[in-house]
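All figures in this text were calculated on a predicted structure; none of them were measured in a lab.
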Amino acid sequence: MAVSVSAPISFLCYNQNGELSRRLGYRPSKKVGFSSGRRSVRFIGLGADKVGRFRVRVPVCRAVPPLLFKDLDADDFRHPLDKQNTLLLRAIPGLNEFGKALLGSMTEQIMLLENIGTSVLVSKNQLTDLHGLLVEAAEILNIEAPDLYVRQSPVPNAYTLAISGKKPFIVVHTSLIELLTRAELQAVLAHELGHLKCDHGVWLTFANILTLGAYTVPAFGQMIARTLEEQLLRWLRSAELTCDRAALLVAQDPKVVVSVLMKLAGGCPSIADQLNVDAFLEQARSYDKASSSPLGWYIRNAQTSQLSHPLPVLRAREIDEWSRSLEYRSLLKKANRISTVQKV
């Protein structure tokens, strides 16, 4: 896509607090290209005698203030498979006790110090834009904002850890920040907040440590791991579907959430502006058709049974369908819009 810029102009935009603010923009003049989440523009600075080139991170800018779900309960958006598999997991005798033994004080301390020592803690004074995205997302979902860390990694990823007696925290990798637009990044943060809203955090931590720890214990541990692994992975996949819904409640645009899934499936910063959400959704529908035969159904189950996350195309199809459901529209009708406006 190409735009043109020259002289600076101001335009109105809702900021992270839902207040109307004035931002600096550029009046069309000469064509330049920009990629998803970043603009490459030709800028004539004050007093500059030649044109320079730079990249600007585009902030989240909404046409209207976001809807807030002040009385939102986790079951209002929890996926049916999440409800079903959570009940099945909780029904396993001794599971909670075994989990508490694995999540001991030493494990808690190791995980906490690992993130504090190797990541950057986001705050009002550190990576303030990212902090604003988190705070707004937490407000929309009616949940207290956890700590947020940014960690250097070439693998695009984000995860949530909830340790008993400690404040939960989210970790986002630098490569994911580079890959996504601001709206998409906020959708990822909302997805992680969904884990906390639905009390997934403790279960996620438990599932990861249980599977790893059980395999290191001879005989009895291996038997437990084999028994629980399938149920744990089934629960994890269904929990991800729930949290994609939390992402939609914050983004309030299904294409933003689908775009995240598309980029995680096959995106990189250099081609991000060429990716097409509608084409990806059509790809998801073609996957459903291809796997509808008995052989396709068998291959699909074999393909997904050992995964902790559903396939990206399936997640995209799920969130697209939910965005058009009566359940989602009902939630939007009950939500409240920020009404505070700052005079400019």
Side-chain angles (χ1 to χ4, degrees), residues 69 72-92 95-100 102-103 107-108 111-112 115 134 137-149 157-173 176 186-214 228-251 257 260-261 264 304 306-312 314-315 318-319 322 327-328 331:
F69 301 91
L72 184 68
D73 184 80
D75 285 336
D76 291 339
F77 64 94
R78 197 188 301 269
H79 195 280
L81 291 176
D82 184 8
K83 296 178 182 179
Q84 175 185 330
N85 289 310
T86 297
L87 290 174
L88 291 173
L89 209 57
R90 287 176 175 169
I92 298 175
L95 185 61
N96 286 333
E97 290 72 17
F98 191 65
K100 289 177 182 178
L102 287 175
L103 292 173
T107 302
E108 292 178 357
M111 297 176 73
L112 185 63
N115 281 282
L134 175 67
E139 183 181 7
I140 292 172
L141 292 175
N142 191 29
I143 185 175
E144 182 181 354
D147 286 337
L148 173 61
Y149 291 90
N157 193 23
Y159 55 91
T160 301
L161 291 173
I163 303 171
S164 178
K166 307 289 184 181
K167 186 176 182 179
F169 58 89
I170 296 171
V171 179
V172 178
H173 289 176
L176 186 64
Q186 187 177 53
V188 168
L189 295 175
H191 176 102
E192 299 305 322
L193 289 171
H195 283 304
L196 299 175
K197 181 75 175 180
C198 298
D199 291 327
H200 288 164
V202 173
W203 283 90
L204 284 171
T205 306
F206 166 72
N208 291 331
I209 295 178
L210 175 62
T211 304
L212 177 63
L228 296 180
E229 183 179 28
E230 183 178 345
Q231 289 172 293
L232 281 169
L233 291 176
R234 188 184 298 115
W235 172 79
L236 286 171
R237 290 192 296 270
S238 62
E240 293 301 315
L241 297 177
T242 290
C243 294
D244 286 344
R245 292 181 172 190
L248 177 58
L249 290 176
V250 170
V257 183
V260 172
L261 299 170
L264 290 175
T304 60
Q306 296 303 310
L307 298 177
S308 61
H309 289 60
L311 296 174
L314 298 181
R315 294 171 67 181
E318 281 279 339
I319 205 63
W322 194 65
E327 183 181 10
Y328 175 65
L331 284 174

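- Here CG of Leu331 is found 9.5 Å from CZ of Arg245. Values are rounded to the nearest 0.5 Å.
- More than 12 heavy atoms of other residues, nucleotides or ligands sit less than 6.0 Å from atom CD of Glu327.
- Among all heavy-atom pairs drawn from Asn142 and Phe69, the shortest one is CB-O, 3.2 Å.
- Between the CG atom of Leu161 and the NE2 atom of His195 there is a distance of 10.5 Å, given to the nearest 0.5 Å.
- Residue Phe169 holds its CZ atom at 7.0 Å from OH of Tyr159, rounded to the nearest 0.5 Å.
- Nearest heavy-atom pair, Leu134 versus Pro146, reported as atom, atom and distance to 0.1 Å: CD2-O, 3.5 Å.
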**Study point:** Intermediate values then yes/no, side-chain hydrogen bond (donor to acceptor under 3.5 Å, both in side chains), Glu240 and His79
**Key:** CA-CA 9 Å; Glu240 293 301 315; His79 195 280; over 6 Å; no
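- Atom CD of Gln186 and atom CD1 of Ile140 lie 5.5 Å apart (nearest 0.5 Å).
- Rounded to the nearest 0.5 Å, atoms CG (Leu88) and CD (Gln231) are 6.5 Å apart.
- Put simply, the side chain of Asp244 reaches to within 4.5 Å of the side chain of His191, judged on heavy atoms.
- Between Leu264 and Leu176 there is a side-chain heavy-atom pair separated by less than 4.5 Å.
- Residues Leu249 and Tyr328 are in side-chain contact: their nearest non-hydrogen atoms beyond the backbone lie under 4.5 Å apart.
- The shortest distance between side-chain heavy atoms of Leu141 and Leu196 does not fall below 4.5 Å.
- Side-chain contact between Phe77 and Leu72 is present, with at least one heavy-atom pair separated by less than 4.5 Å.
- To the nearest 0.5 Å, the span separating CD1 on Ile319 from SG on Cys243 amounts to 10.5 Å.
- For Ala247 against Ala187, the heavy-atom pair with the smallest separation is CB-O, 3.3 Å.
- Nearest heavy atoms, Ala246 versus Gly194: CB-CA, 3.8 Å.
- Judged by distance alone, the side chain of Ser238 and the main-chain N or O of Trp235 form a donor-acceptor pair under 3.5 Å.
- Under the 4.5 Å side-chain criterion, counting only non-hydrogen atoms from C-beta, Arg78 is not in contact with Lys197.
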Point to revise | Full working for side chain to side chain contact (heavy atoms under 4.5 Å, CB included) between Leu148 and Leu189 | key: CA-CA 9 Å; Leu148 173 61; Leu189 295 175; 3.9 Å; yes
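- Between Thr160 and His200, every side-chain heavy-atom pair lies at or beyond the 4.5 Å cut-off.
- Contact annotation: the side chain of Arg315 never approaches that of Leu311 to less than 4.5 Å [non-hydrogen atoms, C-beta and beyond].
- Closest heavy-atom contact between Leu193 and Ala138: CD1-N, 3.5 Å.
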